[in-house]
Amino acid sequence: METIQELIAARREKVQALRNAGVQPYPYTYERSHTIEQFYQNFDSIKESEQEISIAGRMVAKRVMGKASFAHIQDETGRLQIYVKRDDIGTDPYQQYKKLTDLGDWMGLRGKAMITKTGEKTLHVTEWTMLSKAIRPLPVVKEDAETGKRYHEFTDPDERYRNRPLDLVVNPEVRKIFRTRARVISFIRRFLDDRRYLEVETPALQPLYGGGTARPFVTLHNQLKKNLYLRIADELYLKRLIVGGLDRVYEIAKDFRNEGVDRTHNPEFTMMECYIAFEDYMYHVNLVESMVSEMVKDIHGSYTLKYEDEEIDFAPPWGRVRFFDALNEKTGEDLLGADLQKLKEVAKRLHVPIPEGASVGKMQDELFSELVEPTFTRPTFVLDYPVELSPLAKRHRDNPLLVERFEAYVAGMEICNAFSELNDPDDQRARFEEQVRARSAGDEEAMPLDEDYLEALELGLPPTAGLGLGIDRLAMILTNSGSIRDVVLFPLLRDKEQHSEEDAE
RNA sequence: GAGAGUGUAGCUCAGCUGGUAGAGCAGGGGCCUUUUAAGCCCAAGGUCGUGGGUUCAAGUCCCACCACUCUCACCA
C-alpha cells in the first residue's frame, strides 16, 4: 500500500472485515454519558465510584503494544487517553480493535476511570463501538505530551482553506477561532436585543443594488428573465423599514462585492447594520464604543488584547478626531473646501500618489488614508467626513461641506462606518444624480439612482442614525488572525485545476 | 494590479556544480499486557504543480501557465 488510492482501498477492506465479523461500520446512534471535558471535571467521583461511563469521539493517536493498547480520542471538548486491554474486552473485540481501527475513525468507548503510571487520566475501556469508519487517512499530527510541541503539523494554508474539515480535525486553534467568531456574533445580537432593536431580514437578491460604493455580482432570474444583483449592503432596505415605523432594526447578513480578494477582503463577508430613529451619529459612536469594548472584555476577560505586534486597549473612551482637523494638522493647510487644484498641489508636496482622474472626494480620501490613517494605533473614531465621499449621509448641521459621519479604526483596519442618515428626499435625489454623473464619467463603483428608495424617503424618514460593522474584521482582531481567510470557514479560492490559455488575462 | 517566494509520497520535509528520487510519521506483515512524538524487525510505496524547451541525460537549467503565501496599491 502506498498511494492514497491504495490507502483508501485498504480501509475499505477493513470496512468489509468489520461487516464480516458482524460489526456495523456505520451505526445509527450512540449513547454517550460524558463529554471528554465532563469526564475530566468529574474524574475523581467517577474513579471513586468505579462507575462505567461512555464517551464518543475521533481516534487521533493509536499506540498498540501487543495485548494492550493506548489511544487518544478527541471530541469537541478535548482529548482523552484510552487504555484497551485484551483480557478486559475479550480476544475477538481486541483483535478487531487492533487490526480494523485507524486514525480518524469515530468510536464510542465505555469504561472506568484510571490513572496511568505516568499520571495521565485515562479511560480504562470495557467496550468499544465503531461509530463511523474513516476510509480517507488524516494527516498525523504528533504532540509531545510534556512540552506540547507538535510534529508533522498540517500547515499548508492553501490545503487548510481548501480542506477545512481536515483543518478543524487536526488544528485545535482553528476550532477555537470559530468559537470566538460565534461569540462575537451572539454578543452583538444580545447587545442589540437588550436595547430593543428588532432583528430583520432584507433581500440578498435585489433588483437594484445600493447602500455602498462597490461593484456588485449580477445574476439572472430565469423565469422573470431579469437581472438581479447580490446585495452590497442592507442599508436602503433597512431605512425603508424605519420609514415604515419599525424604529430600531438590525440585520446580520452576508454582503457580496465583486472586487479583489486579499488578506482583508473576501467577496462575501458578514456585516451588521443597525438603524435607530430619533438619534444622530453621535448615538452610534457611543454604541460602538460600549459594544465593542464590552465584547472584548467578555471574550478576553480584559479590555486589552494583542493583535499581531500591537497591544490594543479597547477601554473607553476611544480616540476621537475630526476628519479635517487631523488632515489639516498633517498637511499644515486648511483643506476644508479646498478645490481639486489645491488638493493635488498638497498631495504632490507630500508625495501622496494622485490617482488617475481623481475627483475632489477621491483626493480627500487619498490624502487622509495616506497621511492620517496609519497613525491610529488605538481604537479611534474619525468624525465629520467631506460630503463628496458620502452620498447617503446627512449634511453636517454646522457646515454644509461636511456630513455627519464617522468610521472607527482599530489596528489600521476600518471596522465600522456610520452616519446621521440623509432624510431630505430632494437632497438625496441630488446626491444620487451626482453619483450618476460620476458613473457616466467612468466611476464603476458609483451608486445607481434608486427611484423606489427615493419614493420611500418622500413618505418621510424620521431623523435616523445608521451603522455598519464588519464582523469578519472584528473576528480577525479578536482572534489575532492576520487574514480574513482564517476567520471565514470556507473562503473563496481559485480553482486549482489548470486554466486554458484564453482564461489568462 | 506590481514585486518577492513556495509547489517533491496521505502529512512534514531533504534532494549539492544536471547522472534517472530519499527520511520521519501514517499505511501493510511480525514482536511487544501502563504507553504517550511508544519501541524493535521486515517489506512496500512517487505523472517531483502543468505544458513546452535545452541536453546523451532535467526534481535540478530556460520559457510559459496554474495555485498559494508575503509585501505594496484599492474596495468593508
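Protein chains get the first letters and strands the later ones, always in sequence-line order, with residue 1 at the start of each.
Listed nucleotides: B:rU33, B:rG10, B:rU35. Nearest to the side chain of A:I4: B:rG10. Residue A:A68 places its side chain closer to B:rU33 than to any other of B:rU33, B:rA37, B:rC32. Among the nucleotides B:rU33, B:rU35, B:rC25, the one closest to any side-chain atom of A:V140 is B:rC25.
The CZ-C1' distance, from A:R150 to B:rC11, rounds to 12 Å in whole Å. The distance from atom CZ of A:F154 to atom P of B:rC13 is 11 Å, rounded to the nearest whole Å. Here the C1' atom of nucleotide B:rG10 and the CD atom of A:E6 are 12 Å apart, to the nearest Å. What separates CD of A:E143 from P of B:rU12 is a distance of 17 Å, to the nearest Å. Nucleotide B:rC32 holds its C1' atom 14 Å from the CG atom of A:D87, rounded to whole Å. Taking atom CE of A:M65 as the reference point, atom P of B:rA37 lies 13 Å away to the nearest angstrom. A:R11 places its CZ atom 13 Å from the P atom of B:rG10, with the value rounded to the nearest Å. Rounding to whole angstrom units, CZ of residue A:R162 and C1' of B:rC66 are separated by 10 Å.
Remark: A:I115 CD1 to A:K47 NZ distance equals 5.5 Å, nearest 0.5 Å.
Taking side-chain N and O atoms only, A:K99 has no distance below 4.0 Å to OP1 or OP2 of B:rG27. Remark: A:K117 is not in phosphate contact with B:rU34, judged by side-chain N or O atoms under 4.0 Å from OP1 or OP2. Contact annotation: A:R63 does not reach the phosphate of B:rU35 (side-chain N/O to OP1 or OP2, under 4.0 Å). Checking the phosphate oxygens (OP1, OP2) of B:rA38, no side-chain nitrogen or oxygen of A:K62 falls inside 4.0 Å. Contact annotation: A:R160 does not reach the phosphate of B:rC68 (side-chain N/O to OP1 or OP2, under 4.0 Å). Phosphate contact (OP1/OP2 of B:rA26, side-chain N/O of A:K142, threshold under 4.0 Å): present.
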Summary of protein contacts for nucleotides 71-76 of chain B, nucleotide by nucleotide, where a base hit scores B, a sugar-phosphate-only hit scores S (4.0 Å, heavy atoms): S-BBBB
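Across all strands shown, B:rU50 is found opposite B:rA64 as a Watson-Crick or G-U wobble partner, with both distances under 3.5 Å.
You'll find the side chain of A:R181 stays beyond 4.5 Å of the side chain of A:T479, heavy atoms only.
Contacts of A:M413 with the nucleic acid, taken as non-hydrogen atoms under 4.0 Å apart, are absent. In this structure, A:R79 reaches neither bases nor backbone, as no heavy-atom distance under 4.0 Å exists between it and the strands shown. Residue contacts shown for A:V64 include a base, since a base heavy atom lies under 4.0 Å away.
Under the 30°/60° scheme for interplanar angles, the aromatic rings of A:F368 and A:Y385 are found to be tilted. Note: A:Y281 and A:F406 have tilted aromatic rings, judged against thresholds of 30 and 60 degrees for the angle between ring planes.
A search for side chain to side chain donor-acceptor pair (under 3.5 Å) contacts involving A:R150 returns A:E143, A:E153, A:N171, not counting sequence neighbours. With sequence neighbours excluded, the residues forming a side chain to side chain contact (heavy atoms under 4.5 Å, CB included) with A:V218 are A:N227, A:Y229, listed by chain and number.
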